[in-house]
Protein chains: 2
Amino acid sequence: MTFGSHIRERREALRGDDPSFSLRQVAQRVGIEPAYLSKVERGQVAPPSEATIRRIAAELSEEPDLLLAMAGKVSRELQEIIMRRPQLFAELLRQLRSAPDHALLRIVREVRDGNW
Amino acid sequence: MTFGSHIRERREALRGDDPSFSLRQVAQRVGIEPAYLSKVERGQVAPPSEATIRRIAAELSEEPDLLLAMAGKVSRELQEIIMRRPQLFAELLRQLRSAPDHALLRIVREVRDGNW
DNA sequence: TGTCATGTGTACTACATAGTACACACTTGG
DNA sequence: CCAAGTGTGTACTATGTAGTACACATGACA
């Protein structure tokens, strides 16, 4: 599923019980031209900028990180976390590339619970 | 220390016992114009692309991840690791943003030693 | 003293990114 | 039947990215 078809499906689902989720009205609330959103949804142009993707995510109640990933991007915020300690995070990420989900979740939980 | 001044210092240090580390010769081995490398080293233009930074890192025996970070970038390879499981890695990175170095190292070591 | 290598200034370029502006055709409710 | 709202095609644009090409001035050394 591409970025475009994903947000199109999401928007059409929301329009089911709220007609204000027409392409034009969503475009207006997001702050872009309807023609542009149309092309984005059909994958006729590359996905928008991070800022625009975030506004789309908010409008469609989607996870920004997920939409950004579908658009082939990683949020600038996360990139900055990595850039402060590039070697450490580089090794960590490479180490975790093929770790199973539950291992990642376990680390998240343990760090959050302050066992460090 | 900026990207430019860092690689300039590194290059000049290497030139100490090897005159083949002149700006022109390094530029040639890296595959870019000397004038361009000059501007990059003095911060007169934005840092080069990831591919060029990698070739510079190899030439100067530096860590690619470190140079990329100094250039305000995160390697495409790491970004792709994140994009495969964006939510999990997003939460993990935010969780670890202010964790001390030794905590990160400990995770790296434990994952590598297969306690997962 | 000339030539060779050094670093740098100026001008230019190709391609990508991130959109806007406007016109068009369809359909649908009053 | 017509006016309003819908999605889309075409054309255009501003800014950023990632450099190249060439000329110039300086210093060393043979």
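Proteins get letters first, then strands, A, B, ... in listed order; numbering begins at 1 in each. What you see below is based on every heavy atom in this structure, not just the backbone, and it leaves out hydrogens, waters and symmetry mates.
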Next on the checklist: Using the side chain to side chain contact (heavy atoms under 4.5 Å, CB included) criterion, which residues pair with B:Thr52? Sequence neighbours excluded.
Outcome noted: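 B:Val30, B:Ile32, B:Pro48, B:Ser49, B:Arg55, B:Ile56.
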Checklist entry - Who pairs with A:Ala13 by side chain to side chain contact (heavy atoms under 4.5 Å, CB included), at least two apart in sequence or on another chain? => result none
Nucleotides 26-30 of chain D: which of its N/O atoms have a protein N/O under 3.5 Å away?
none

Next on the checklist: Return a single string for nucleotides 7-26 of chain C, one symbol per nucleotide in 5' to 3' order, where B is base contact, S is sugar-phosphate-only contact and - is none, cutoff 4.0 angstrom on heavy atoms.
Outcome noted: BBBBB------SBBBB----
Acceptor/donor pairs from residues 14-21 of chain B side chains to any protein atom, 3.5 angstrom cut, sequence neighbours excluded:
{"from": "B:Asp18", "atom 1": "OD1", "to": "B:Ser20", "atom 2": "N", "distance (Å)": "2.9"}
{"from": "B:Asp18", "atom 1": "OD1", "to": "B:Ser20", "atom 2": "OG", "distance (Å)": "3.0"}

Scan for salt bridge (Lys or Arg N to Asp or Glu O under 4.0 Å) pairs involving [range], sequence neighbours excluded, and state none if there are none.
| range | result |
| --- | --- |
| residues 31-40 of chain B | none |
| residues 78-91 of chain B | A:Asp101-B:Arg85 |
| residues 63-75 of chain A | A:Asp65-B:Arg94 |

Checklist entry - So which residues get pulled into B:Met1's cluster when ILVMFWY side chains under 4.5 Å apart are joined, directly or through others? => result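 Besides B:Met1, the cluster holds no residue at all.
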